[in-house]
Amino acid sequence: PELIAAAQFVATPLRVLVSVVTPLLAPALLAGGALVFLMCLQEYSIPSLFQVSTYSLEIFSDYSAHNQPVRALLLSVPVMIISCAALAGAKPGFRHVAVTAPRGGQAGPAEFRLPLWFRIIQYGCLLLMGMQILLPLGMLIRTAGSGEKLVASILASTPEILFSVQTALLSATISVGIAVVIIGVMCAAWQTVLIPLTAVSLCVPATLTGIGMISLYNNSLLSWLYNTEWMPVATAVARFGPLAWLIVAAQNRRHDYRLIEAARLYPVSSWQLWIRIRLPLMLPGMIVAGMTVFLLTMGELSATLLVLPPGRNTLAVKTYNLLHYGASDAVAGLCLFLVVTGWLAGLAAITALAARRR
């Protein structure tokens with residue numbers, strides 16, 4: 001906010017937007033764009049519903065036909081190369097982000113009035129975003145039918161709902177716990193090395209992650225975990241745990257370390273310092289990371305489909321299977337449930353963050 005406020009003394013609002021605000025936002029825009037690119041590149045469920053074959057689907061089909069993990073790995077190499085190139089393109093922006101520690105109070109964003117034509121474009125973007133939310137939601141409500149059908153669809157899928165929520169909660173808890181432990185025990189230099197390695201792990205296709213989990217656990221040493229309800233949890237942690245670590249690490253880098261230095265002046269143990277100072281400072285990042293892993297696990301299909309234990313289904317897998325049988329009203333009802341679950345999870349995260357700020 002201080003940079004933006006200072007720039008307004010010497011430049012027009014539009015020039016401030018182009019020369020100050022946009023460069024400050026560039027790292028976040030690059031990171032978000034790279035994440036969306038990776039998710040779309042590795043996705044095959046949505047294109048397959050429109051009878052479009054993707055390379056990720058070819059990896060899944062080839063493994064289903066030949067059951068050879070090495071062959072699947074070799075097939076995944078082009079996808080991983082493209083993914084790493086996308087991450088490499090987004091990396092320079094991270095080095096130019098202006099990260100400043102808070103200086104007392106909660107400073108809000110600096111505001112300035114942009115030209116009318118630009119505000120019209122803004123309103124058009126907001127309208128487009130609203131249509132992207134409301135039109136699919138309206139079609140789901142219409143397709144789901146009456147309230148009785150909607151309730152019947154949800155009740156018929158109670159086991160899948162409970163299993164999905166259980167898997168998502170465990171995955172989020174474990175992922176955030178691992179991230180906090182890594183930050184607690186590793187020095188800053190090692191964390192700097194770990195961040196790019198963790199980002200590269202996001203380039204592994206979802207199907208290859210599922211195949212890797214099968215190869216890892218389907219042996220005499222870990223067979224007691226294979227074909228159990230822990231397999232989807234372990235797979236979700238392998239897929240989304242690195243993302244949780246990156247979120248918590250980013251939050252950790254924004255700490256006001258003067259608070260920690262001031263606390264060290266008192267005769268307290270390192271454990272008390274960690275619990276009473278560092279952990280509360282990390283809490284916003286932990287909440288965001290946990291909700292991110294929870295939501296992504298609730299909708300995960302590609303890797304979960306390979307590791308589900310016999311007789312168990314997640315809500316995403318059941319929805320995907322029902323689509324092939326033409327049960328559109330049941331699918332719409334389950335999708336509505338997923339949407340509402342996502343909203344409630346997001347609302348819980350926002351409420352927790354607001355309470356933390358207060």
Side-chain angles (χ1 to χ4, degrees), residues 35 38-46 48 56-57 59-64 67-73 75-76 79-80 83 159-179 181-182 197-219 221-247 289-321 338 341 345:
L35 181 61
L38 293 180
M39 294 177 69
C40 293
L41 183 66
Q42 299 173 9
E43 174 67 31
Y44 70 78
S45 58
I46 294 176
S48 68
S56 296
L57 181 60
I59 299 171
F60 177 79
S61 302
D62 187 87
Y63 179 74
S64 300
N67 194 27
Q68 295 181 9
V70 176
R71 184 183 174 100
L73 174 62
L75 279 174
S76 302
V79 175
M80 290 190 286
S83 300
E160 288 81 8
I161 291 174
L162 294 176
F163 182 58
S164 297
V165 173
Q166 169 189 300
T167 302
L169 284 175
L170 288 172
S171 303
T173 303
I174 295 172
S175 297
V176 173
I178 292 173
V181 169
I182 291 175
L197 294 177
T198 306
V200 169
S201 69
L202 297 174
C203 299
V204 179
T207 303
L208 188 62
T209 301
I211 296 170
M213 298 303 289
I214 293 174
S215 302
L216 177 63
Y217 285 92
N218 191 14
N219 57 65
L221 184 62
L222 298 173
S223 58
W224 57 279
L225 277 175
Y226 192 69
N227 279 338
T228 67
E229 295 181 356
W230 283 101
M231 281 298 292
V233 175
T235 303
V237 171
R239 278 211 70 195
F240 307 124
L243 186 59
W245 146 247
L246 289 174
I247 293 172
M291 288 298 104
T292 301
V293 175
F294 178 86
L295 292 175
L296 290 175
T297 303
M298 285 290 291
E300 212 288 322
L301 174 73
S302 304
T304 305
L305 195 62
L306 292 167
V307 299
L308 279 173
R312 302 306 300 244
N313 259 343
T314 62
L315 198 56
V317 172
K318 182 173 182 178
T319 303
Y320 185 72
N321 290 334
L338 279 173
T341 301

Could you pull out all residues at least two apart from N321 that satisfy side chain to side chain donor-acceptor pair (under 3.5 Å)? none

Check whether any side-chain heavy atom of L73 lies under 4.5 Å from a side-chain heavy atom of L208, and answer yes or no. yes

Taking the side chain as every heavy atom from C-beta outward, state whether Y63 and T207 have any pair of such atoms under 4.5 Å apart. no

For Y44, the ring pair (Phe, Tyr, Trp, His ring centres under 6.0 Å) test, sequence neighbours excluded, returns F60

d(L38 CG, L243 CG) to nearest 0.5 Å is 10.0 Å

Distance-only check: which donor-acceptor pairs under 3.5 Å involve side-chain atoms of residues 171-179, not counting sequence neighbours?
| unit_1 | atom_1 | unit_2 | atom_2 | d |
| --- | --- | --- | --- | --- |
| S171 | OG | T167 | O | 2.7 |
| T173 | OG1 | L169 | O | 2.8 |
| S175 | OG | S171 | O | 2.7 |

Using the test side-chain contact (heavy atoms from CB on, under 4.5 Å), find all partners of S48 that sit at least two apart in sequence or belong to another chain. L57, Y320

Distance from L35 atom CG to L202 atom CG, nearest 0.5 Å? 7.5 Å

M298: side-chain contact (heavy atoms from CB on, under 4.5 Å) partners, not counting sequence neighbours: S164, V165, A168, F294, L338, T341

Between side-chain atoms of residues 230-241 and protein atoms elsewhere (two or more places apart, or another chain), which donor-acceptor pairs fall under 3.5 Å?
| unit_1 | atom_1 | unit_2 | atom_2 | d |
| --- | --- | --- | --- | --- |
| T235 | OG1 | M231 | O | 2.8 |
| R239 | NH1 | E300 | OE2 | 2.7 |

Listed pairs under 3.5 Å, donor-acceptor, residues 306-314 side chains, sequence neighbours left out:
| unit_1 | atom_1 | unit_2 | atom_2 | d |
| --- | --- | --- | --- | --- |
| R312 | NH1 | E229 | OE2 | 2.5 |
| T314 | OG1 | V317 | N | 3.3 |

Gap between atom OG of S56 and atom CD of Q42 - 0.5 Å precision: 6.5 Å

Only pairs at least two apart or in different chains count here, so list each salt bridge (charged side-chain N to carboxylate O under 4.0 Å, His left out) that has a residue in residues 202-217. none

For a quick test of reading the model, state the closest non-hydrogen atom pair linking A316 to L301 and the distance between them. O-CD1, 4.0 Å

Across all chains, not counting sequence neighbours, the side-chain contact (heavy atoms from CB on, under 4.5 Å) partners of L75 are Y55, I59, D62

With T209 via side chain to side chain donor-acceptor pair (under 3.5 Å) - residues at least two apart: none

Does the side chain of F163 reach to within under 4.5 Å of the side chain of L315, using non-hydrogen atoms? no

State which residues pass side-chain contact (heavy atoms from CB on, under 4.5 Å) with L216; sequence neighbours excluded, sorted by chain then number. L222

